[in-house]
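Everything on this sheet refers to the single structure shown next.
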Amino acid sequence: MSNLRLDKAPFDLDATLCCGQVFRWDKMGDWWYGVAGKSVLKVRQRGEELEFANTDEKFVRRYFGLDDNLRQISRAIGKDAHIRKALEEFWGLRIIRQEPLECLISYICATYKSIPAIKHMLNNLSRKFGEKVVFEETDFFGFPEPRRLARASLAELADCGLGYRAKYVLETSKRIFDDSFVLERLWQMPYEQAKLELCSLPGVGPKVADCVLLFGLGKFEAFPVDVWVKRVLLNHYVGQLTTEAVQRLSKTEGLSNTQYRLLSEFGRGYFGKFAGYAQEYLYHFERLYG
DNA sequence: TTCCAGGGAGTAT
DNA sequence: ATACTCCATGGA
């Protein structure tokens, strides 16, 4: 068991793990349990103190983004009353550094699904194809290696509840496994180029790409847009959008490609290089109170 | 039962 | 380039 004092690093563990960026953490009592890499992490927060087990401080700092300068980020994105309200409400929410592959597969699965259903799918995938790790007499499962997913059958994947996403997960896993696509190479690419590369994968469009770039590859300017974010922007940012843009957005219920680019570029332009942080605060706020 | 979900691909214009 | 349609499934 180790402790970490959060003196100069505001952090809210609950908000960070509940805001829908990760899907495989569970709270038992006041402890959170999650699997990263091949080990089970156990974390709880008591005020300014973060307690953790089965991992080390270096990993915790990196995984939870504790070295991001949240005050500086907050000053950069705090452009208006609404975002400042969300920042205040969830102060200490941070963008987690997910493992890129888990992040990619997770958000391919997440398309057109609710969060409880996504959790269900990913837990099924991990139980079926991940490595079992026993911790505190409980079975946990690591996220599947690309090799296991690449060699799975469509039926096995479909059995996990993936539906029509099964073939996307399979084909993308094959491209990762045979090294024709190297996720790590995107780290040093600029945002736009990395996004273009990601969108060449089956099951990956602009939304999934932005999520992977933000949550897995440290591109904080990525501004993923879904129906919730569209809702936020139409409810609170009409003044900052052009009237022509608002008309185009109100025309249809869903989110066309054109609408996606419009909103994503607005977010990036308006909130700046930490737009992804703004997006996550706004998204969480809209889901809880919208 | 019906509706909706952290959208993407395929096809028609 | 842009718009329309279909998609499997679980949860509310």
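Here is how names work: the chains are called A, B, and so on, in the same order as the sequence lines, proteins then strands, and each is numbered from 1.
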Pairs under 3.5 angstrom, nitrogen or oxygen only, protein versus nucleotides 4-6 of chain C, please.
none

With a 4.0 Å cut-off on heavy atoms, is A:R287 in touch with a base, just the backbone sugar-phosphate, or nothing at all? sugar-phosphate

Just verifying a value: how many Å separate A:L233 CG and A:F223 CZ, rounded to the nearest 0.5 Å? 5.0 Å

Would you mind classifying the nucleic acid contact of A:L201 as base, sugar-phosphate or nothing, using non-hydrogen atoms under 4.0 angstrom? sugar-phosphate

Can a side chain N or O of A:T258 be found less than 4.0 Å away from OP1 or OP2 on C:dA3? yes

Counting C-beta onward and ignoring hydrogens, is there a side-chain heavy-atom pair between A:F271 and A:F220 closer than 4.5 Å? no

Take atom C1' in B:dA9 and the same atom in C:dG10, then report the distance between them in whole Å. 22 Å

What is the ring orientation for A:F64 with A:W25, classed by angle as parallel under 30°, tilted 30 to 60°, or perpendicular over 60°? tilted

Taking C:dG11 as the reference, what is the distance to B:dG8 when you measure between their P atoms (whole Å, please)? 22 Å

Can you tell me if the side-chain N/O atoms of A:R231 get under 4.0 Å from OP1 or OP2 in B:dC4? no

Specify the residue among A:C199 and A:V229 whose closest nucleotide of DNA chain B lies further upstream toward the 5′ end. A:V229

Parallel under 30°, tilted from 30 to 60°, perpendicular over 60°: which one fits the rings of A:W228 and A:Y283? perpendicular

Check this one for me: any side-chain N or O of A:R261 less than 4.0 Å away from OP1 or OP2 of C:dT2? yes

Using a 4.0 Å heavy-atom cut-off across all strands, classify A:E253 as base, sugar-phosphate, or nothing. nothing

Looking only at the aromatic ring of each residue, does the gap between the centers of A:Y107 and A:F215 stay below 6.0 angstrom? yes

Any non-hydrogen side-chain atom of A:N54 less than 4.5 Å from a side-chain atom of A:L41? no

Sub-4.5 Å side-chain heavy-atom contact between A:L87 and A:I77: yes

Mind telling me whether A:Y63 and A:F59 have parallel, tilted or perpendicular rings, with 30° and 60° as the class edges? parallel

With a 3.5 Å cut-off and just heavy-atom distances, do the side chain of A:Y164 and the base of B:dG7 make a donor-acceptor pair? yes

Only Watson-Crick and G-U wobble pairs with both distances less than 3.5 Å should count. Give DNA chain C in dot-bracket notation, marking inter-strand partners with |. |||||||.||||

Do the ring planes of A:F285 and A:H82 sit parallel (below 30°), tilted (30 to 60°) or perpendicular (above 60°)? perpendicular

